[in-house]
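Please read the structure below before turning to the comments.
We count residues from 1, following the sequence as given.
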Amino acid sequence: MSDTQAPPTGGDSADPGLAGTNGLAESVDISGREEVHKLKKHAVGLAGVLFLTVTGSAPISAMLFNTPIVVGSGEGVGAPAAFLFATVVLTIFSVGYVAMARVKTTAGGFYSYISYGLGREVGIGAGYGSVLAYSVFEASLAGGFAFFLNAKLADFGVHVSWPWLALGMVALISILSYFDVRLSTIVLAAALISEVVMLLVFDGFMFAHGHIPAAAINPVNAFKAMPASGSGSSAILAGAIGVGLFFAFWSWVGFEMAPNYGEESKDPKRNVPRALYISVIGLGIFYILTSWAPFAGYSSITAAAHQAQTDPLHYYLNPAHTIAGHWVGSILSYLIITGSFACGMAFHNTTARYGYSLGREGLLPRALGRTHPRYKSPFVASIVQTGIAALIVIGFAVFTGSDDPTSQAYYQLYGLMAVMGVIVILAVQALVSISIFIYFERHPDMSGHWWTTRLAPALSFLTQAFVVYLLFDNIKFLGAGYGYANWLGPIDAFVVGGGIIFAFYLKSRNREKYESAGRLINEGL
């Protein structure tokens, strides 16, 4: 299936790490290249890839953080329908993504796949954008972690400022990620299994209780905003379709990281595609049910929306306490803390691998492409990512304050950093889809079924482009009145555009580095 070409030998490369790539080989297989630092071979199996990626989607964080926003500021009763729409779109995206993953095994993920279809210039720009997105995701989850941990500690009369809690999370993740990737999988597995089990218990109690509105899964309601109602203290502000869909799609971010672990997995041609399908479809069913379940705990949709708008912290916990029992609510209040930590750790690991991939190709400092001599972890890129996440947390603490966790840690650090990252991810996923379409058009000898290599990528491009449009159309609403939110999209565009300009510079000044960009694969697995 692979059309990998071995790099030509010789040449007067100015870059010894990539010597011999001055031919326009479509791919450069590094499996036999001793001078290229490699990740730990066969470190994780199917279960390990699932734990590393599904925990990035963070089921409990997705539900307890995002569902209140989808209900209160988006579709209202149509929140589960928004998750249903996202499930369909991302499953279609996965069809083409899997086809490409079966052909190319690389830690570069999106960045590499785009370079094969739309060219190295767009691929390099997307690579820088992806690093930015996953980098801010860790800081985002640190905000959510600090918000819930601050509230839990306050229950015991302990008051710790949220920035210290967020920085503590970043530091602990750095320590754990320094070692063998298998240590990360153990931590993430424990967090993932426990949170999924308890949320299923919660769902069971809620559905057994009844009063579940059927309109919640009517697909039409995914495209209807919740109307304003009431007055005074019981007033409900109007929602926006784009807001609900945005936070629905944000709930999956992480599943697409499976190909980034291809070089560390056993049998990547089989396990990476399996992990993708299991995660996107499994999470979809789970999200639809778990976003639907809380309605059982409220007297009306209006009551649920009011709770979501005024006190998102207890949107799930109140129904858990009153219907499922105090023990369920209590356990969930702890698991949201461990779950957000695990989610941040998963994003940290992915960011480190993007940094490693760009570093070994010389598009970021070469040191980032080094792996630990014993653990084979991308430890330099991991340390750098720790510094970036810490600086973002400190920046928010300095410029927004540290005395209002709901506004500062939840709505701003968690919410707006999520907006900044998901703008890139959704846009890049759309580019990946069209790149896959183009790649297989150029390689008729390896074309698969018309559905997997043509129609599915085309549909995925169109639907995700539509979601990106809705996102920008509602950016002021998402900004919740914070003026600097208007700069998030332009910053993303500046980073991606800067990467594209840099690619053209390389094309004219450093041809060998340009030609290898996004094309290092590892077929010796």
Side-chain angles (χ1 to χ4, degrees), residues 59-90 199-200 202-252 283-324 332 411 415 463 466-467 470-471 473-474 477-478 480:
I60 194 166
S61 298
M63 293 294 93
L64 272 67
F65 287 171
N66 298 346
T67 302
I69 300 176
V70 181
V71 173
S73 301
E75 282 79 352
V77 70
F83 285 103
L84 174 61
F85 173 71
T87 301
V88 173
V89 171
L90 293 175
L199 283 173
L200 289 175
F202 169 83
D203 292 347
F205 276 107
M206 295 297 112
F207 280 97
H209 181 72
H211 305 293
I212 302 291
I217 55 171
N218 183 343
V220 174
N221 288 328
F223 304 96
K224 290 183 178 179
M226 183 187 63
S229 64
S231 60
S233 61
S234 60
I236 303 292
L237 300 177
I241 298 170
V243 173
L245 289 177
F246 164 77
F247 278 96
F249 276 89
W250 162 223
S251 300
W252 266 271
L283 284 171
I285 296 171
F286 182 80
Y287 287 162
I288 293 166
L289 293 174
T290 308
S291 63
W292 195 5
F295 289 130
Y298 295 95
S299 58
S300 66
I301 299 301
T302 301
H306 186 266
Q307 175 72 46
Q309 286 190 2
T310 58
D311 184 15
L313 175 68
H314 293 97
Y315 178 75
Y316 272 86
L317 300 183
N318 283 350
H321 285 307
T322 57
I323 296 176
L332 287 177
Y411 283 116
T463 51
F466 170 68
V467 175
L470 288 177
L471 176 58
D473 193 46
N474 290 276
F477 193 106
L478 284 164

Smallest separation among heavy atoms of [X] and [Y], with atom names:
X	Y	result
A86	F249	CA-CZ, 3.8 Å
P68	M63	CD-O, 3.4 Å
S299	A303	OG-CB, 3.7 Å
I212	A296	CD1-CB, 3.4 Å
G242	L470	CA-CB, 4.0 Å
P80	A216	CB-O, 3.4 Å

I241 and K224: CA distance, side-chain angles, deciding distance, side-chain contact (heavy atoms from CB on, under 4.5 Å) verdict:
CA-CA 6 Å; I241 298 170; K224 290 183 178 179; 5.8 Å; no

Point-to-point distance, once rounded to the nearest 0.5 Å, from [atom1] of [X] to [atom2] of [Y]:
X	Y	atom1	atom2	result
H314	L64	NE2	CG	10.5 Å
F223	N218	CZ	CG	11.0 Å
T302	Q307	OG1	CD	13.5 Å
D311	N318	CG	CG	6.5 Å

Partner of Y287 under ring pair (Phe, Tyr, Trp, His ring centres under 6.0 Å), chosen from W250, F247, W252:
W252

Sequence neighbours excluded, which residues qualify as ring-ring contact (aromatic ring centres under 6.0 Å, His included) partners of Y316?
F202

Test of understanding: with ring-ring contact (aromatic ring centres under 6.0 Å, His included), list the residues that count as partners of F466, not counting sequence neighbours.
none

Using the side-chain contact (heavy atoms from CB on, under 4.5 Å) rule, take L289 and L200 through it: C-alpha gap first, then chi angles, then the decisive distance, then the call.
CA-CA 9 Å; L289 293 174; L200 289 175; 5.8 Å; no

Taking the side chain as everything from C-beta on, heavy atoms only, tell me whether [X] gets closer than 4.5 Å to [Y].
X	Y	result
W292	P213	yes
S73	F246	no
L84	N221	no
M206	I323	yes
T87	I285	no
V89	V467	no
F83	T290	no
F295	I301	yes

Checking E75 side chain against A81 main chain: does a donor-acceptor pair fall under 3.5 Å?
no

With distance as the sole test, does Y298 use its side chain to make a donor-acceptor pair with the main-chain N or O of Y315 at under 3.5 Å?
yes

